[in-house]
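Structure first, then comments.
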There are 2 protein chains.
Amino acid sequence: MADRIPKYVEIAQDLRAQIEDGTLPPAAQLPTEKELVEHWGVSANTIKKAVNELRQQGLVETVPQKGSFVAEPTAPFVITLNHTDLGEENPPGRGFGGGEGRAFTAEAERQNHAAHSSKPEVKVEDAEEPQMRALGIAPVAPGQPRPQVVRRSQQRFVDGKPNSLQHSYFKLELAIQAQALLKSADIEEGTVAYLQSCGHVQTGYEDVFDARQPTEEELRFFGLSRGSLAVIEHRRTAYDQHGEPFRLTVTIYKPGTNRIRFIAGEVPVEVWERGS
Amino acid sequence: MADRIPKYVEIAQDLRAQIEDGTLPPAAQLPTEKELVEHWGVSANTIKKAVNELRQQGLVETVPQKGSFVAEPTAPFVITLNHTDLGEENPPGRGFGGGEGRAFTAEAERQNHAAHSSKPEVKVEDAEEPQMRALGIAPVAPGQPRPQVVRRSQQRFVDGKPNSLQHSYFKLELAIQAQALLKSADIEEGTVAYLQSCGHVQTGYEDVFDARQPTEEELRFFGLSRGSLAVIEHRRTAYDQHGEPFRLTVTIYKPGTNRIRFIAGEVPVEVWERGS
DNA sequence: GAGTGGTCTAGACCACCGG
DNA sequence: CGGTGGTCTAGACCACTCG
């Protein structure tokens with residue numbers, strides 16, 4: 001019976017209970033590791049493992065030389081990646097390809113959140129395997145020069161806090177045709193509309209999701225420390241009227257504060273409106 | 001410069017490199033912790049942290065009293081939760097509400113995987129908050145008796161290996177009308193079709209995704225040890241012709257071996273066919 | 001300079017697995 | 001039985017933050 005609960009799990013459960021019943025309110029600092037060591041009469045490593053559990057559960061965020069703090073109550077920001085956006089009629093407030101570009105800020109406003117994005121950073125770089133696959137670029141032998149792609153990257157914030165990272169990849173030839181892609185500035189009319197005016201109508205897309213450990217860059221941006229939660233990765237490959245892939249957009253979300261949502265068919269309007 | 005890489009990260013990177021270049025092929029056992037301790041001249045805890053990194057990255061699976069093994073090359077099984085399934089014409093092979101029920105096995109076959117599901121386990125239980133919210137059941141004060149719901153749970157396997165867990169929730173009144181929901185047996189014609197024959201036509205749904213740490217039950221089912229990767233949770237709330245929510249299906253996927261996919265509009269047929 | 005968490009060591013005991 | 005990983009201890013030093 002009971003399966004021998006390790007001490008660090010027990011400690012984590014106790015702290016969790018304190019967080020859930022409000023003894024440790026949101027944003028409060030946890031007892032320091034030293035205090036916990038004394039309180040429980042265990043060694044420092046055991047406490048670290050306990051706190052680590054909570055970090056992985058998203059209940060606690062640790063700032064390395066300051067302390068561990070109860071995570072803000074996840075008033076989740078919902079990204080609606082809606083379906084009904086491919087030339088069919090668009091219900092009011094449901095922009096094209098939700099979650100991308102300017103649709104992101106519109107979505108946030110509907111949910112009474114303030115959102116902003118950094119200026120796009122544009123880089124021309126050697127294509128990596130997954131990007132090549134998605135954009136339909138033939139693989140090259142190792143050692144051969146790799147084809148180049150344009151990457152447009154943005155950092156996105158909600159209520160001033162880091163929310164997601166977005167990288168869009170385009171073939172270099174396309175960017176030469178559609179030069180606004182090379183400028184480090186928002187595309188006023190939206191990327192999808194702009195590319196349409198350049199002859200690439202987005203007629204379909206494929207969305208793929210996965211969860212994975214954050215990279216170092218993502219850890220820094222989200223202000224997380226190692227060993228905390230996984231991020232959600234969303235890859236959207238967009239196809240034009242010739243059935244050719246012409247854009248790959250990769251968005252990385254910090255979970256807990258984000259929900260990814262799709263809506264299909266008829267649902268009550270309250271579902272659209274509600275933010276969680 | 002270089003930001004002081006901890007030793008355990010360095011060791012993890014070395015092992016990772018060995019996995020990626022094939023020195024440690026899939027399913028091979030890693031050097032034991034003792035061997036790694038000797039090889040690197042570090043203490044056991046440092047090795048454990050290194051291996052833990054790899055576990056969280058999904059590169060390694062540890063079986064407690066046997067050893068750590070290189071994870072099988074993620075030949076990812078792609079669950080296509082397609083859009084074009086709401087009464088519009090269905091392209092061949094794209095069943096209704098992909099990823100659910102029998103559509104799951106059909107999807108697997110298209111990708112040349114063998115899939116099977118356990119017999120549904122049916123339970124009548126007190127509704128929890130999130131289930132009530134989704135099914136549109138009014139909240140009750142704490143202490144009051146909670147309304148009851150029917151839960152149908154299935155374990156799903158691909159190529160004999162645990163793939164996902166699925167729980168569908170229904171209001172008890174609905175299950176009384178539609179009694180097949182109470183039987184611990186597959187519903188031959190599919191749940192959606194069956195409920196349609198009971199007067200609930202699925203006219204829309206909302207999908208929400210999140211990533212989180214696995215529960216104890218999920219750890220056991222997936223054969224993971226604590227501190228390994230996050231799982232992907234997919235919640236689908238289905239609405240009927242009156243705009244009432246009548247079903248909540250929660251599916252938990254082991255990441256790495258699963259990709260969740262949506263397709264909208266026109267994409268080349270190869271995209272439908274390919275398994276990654 | 002005091003306080004924080006991050007890394008690391010060199011031991012220990014345990015539970016479980018296999019032959 | 002020997003070998004494995006899981007837990008745990010009681011120290012240590014470091015880097016960073018803050019007053």
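Quick note on labels: first sequence line is chain A, next is B, and so on, each numbered from 1.
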Task: Listed nucleotide nearest any side-chain atom of T32(A), set dC8(C), dC18(D), dT4(C) - done: dT4(C)

Task: Under the side-chain hydrogen bond (donor to acceptor under 3.5 Å, both in side chains) test, residues paired with E217(B) that sit two or more places apart - done: none

- [ ] Identify, with sequence neighbours excluded, every residue that meets side-chain contact (heavy atoms from CB on, under 4.5 Å) alongside A115(A).
- [x] F104(A), T105(A), A108(A), V158(A)

TODO: Verify the contact: side-chain N or O of T46(B) to OP1 or OP2 of dT9(C), cut-off strictly under 4.0 Å; return yes or no.
DONE: yes

Task: Separation of atom CD in Q29(B) from atom C1' in dG3(D), rounded to whole Å - done: 10 Å

Can you give me the N/O atom pairs linking the protein to nucleotides 11-13 of chain C at distances under 3.5 Å, or say none if there are none?
none

Task: ring pair (Phe, Tyr, Trp, His ring centres under 6.0 Å) against F221(B), all qualifying residues, sequence neighbours excluded - done: F157(B)

Open item on the list: Output the rounded distance in Å from NZ (K66(A)) to P (dT17(D)).
Closed with: 9 Å

Open item on the list: Nearest whole Å is fine: how far is dT9(C) P from E38(B) CD?
Closed with: 14 Å

TODO: Round to the nearest Å and state the distance from L36(B) atom CG to dT4(D) atom P.
DONE: 11 Å

- [ ] In whole angstrom, give the distance that lies between atom OH of Y8(A) and atom P of dC8(D).
- [x] 7 Å

Task: Between P of dT7(D) and CG of N52(A), the distance in whole Å - done: 12 Å

Task: Within residues 57-65 of chain A, residues whose heavy atoms come under 4.0 Å of DNA chain C - done: T62(A), P64(A), Q65(A)

In residues 62-69 of chain B, what donor-acceptor pairs under 3.5 Å come from side-chain atoms, sequence neighbours left out?
from: T62(B); atom 1: OG1; to: R55(B); atom 2: NH1; distance (Å): 2.7
from: T62(B); atom 1: OG1; to: S68(B); atom 2: OG; distance (Å): 2.8

TODO: Could you check which of dG6(D), dT9(D), dG6(C) has an atom nearest any side-chain atom of S43(A)?
DONE: dT9(D)

- [ ] Could you check whether V42(A) gets within reach of a base, just the sugar-phosphate, or nothing at all, counting any heavy atom under 4.0 Å?
- [x] sugar-phosphate

TODO: Indicate yes or no: at least one non-hydrogen side-chain atom of R212(B) is less than 4.5 angstrom from one of E218(B).
DONE: yes

Open item on the list: Just to verify, what does E35(B) make a salt bridge (Lys or Arg N to Asp or Glu O under 4.0 Å) with, not counting sequence neighbours?
Closed with: none

Task: Intra- and interstrand pairs of DNA chain C - dot-bracket, Watson-Crick/G-U under 3.5 Å, | marks other strand - done: ||||||||||||||||.|.

TODO: Please name all residues satisfying ring pair (Phe, Tyr, Trp, His ring centres under 6.0 Å) with H234(B), sequence neighbours left out, ordered by chain then number.
DONE: F209(B)

Open item on the list: What is the distance, to the nearest angstrom, from the CG atom on L30(A) to the P atom on dG5(C)?
Closed with: 9 Å

TODO: Give a yes or no on whether a salt bridge exists between K254(B) and E61(B), defined as a side-chain N under 4.0 angstrom from a carboxylate O.
DONE: yes

Output side-chain donor-acceptor pairs under 3.5 Å for residues 37-50 of chain B, partner residues at least two apart or in another chain, one line each.
from: K48(B); atom 1: NZ; to: E33(B); atom 2: OE1; distance (Å): 2.8

Task: Residue whose closest nucleotide on DNA chain C lies nearer the 5' end, K7(B) versus E35(A) - done: E35(A)

Task: Integer-rounded Å distance: dG5(D) P and K49(B) NZ - done: 19 Å

Task: Residues T251(A) and Q166(A): side-chain donor-acceptor under 3.5 angstrom - done: yes

- [ ] If a pair satisfies side-chain hydrogen bond (donor to acceptor under 3.5 Å, both in side chains) and one of its residues is in residues 11-24 of chain B, list it, with sequence neighbours excluded.
- [x] D14(B)-Q18(B), R16(B)-E20(B), R16(B)-Q57(B), D21(B)-T23(B)

Listed pairs under 3.5 Å, donor-acceptor, residues 124-131 of chain B side chains, sequence neighbours left out:
from: E125(B); atom 1: OE1; to: R151(B); atom 2: NE; distance (Å): 3.3
from: E125(B); atom 1: OE1; to: R151(B); atom 2: NH2; distance (Å): 3.4
from: E125(B); atom 1: OE2; to: R151(B); atom 2: NE; distance (Å): 2.9
from: D126(B); atom 1: OD1; to: Q148(B); atom 2: NE2; distance (Å): 3.2
from: Q131(B); atom 1: OE1; to: E128(B); atom 2: N; distance (Å): 3.3

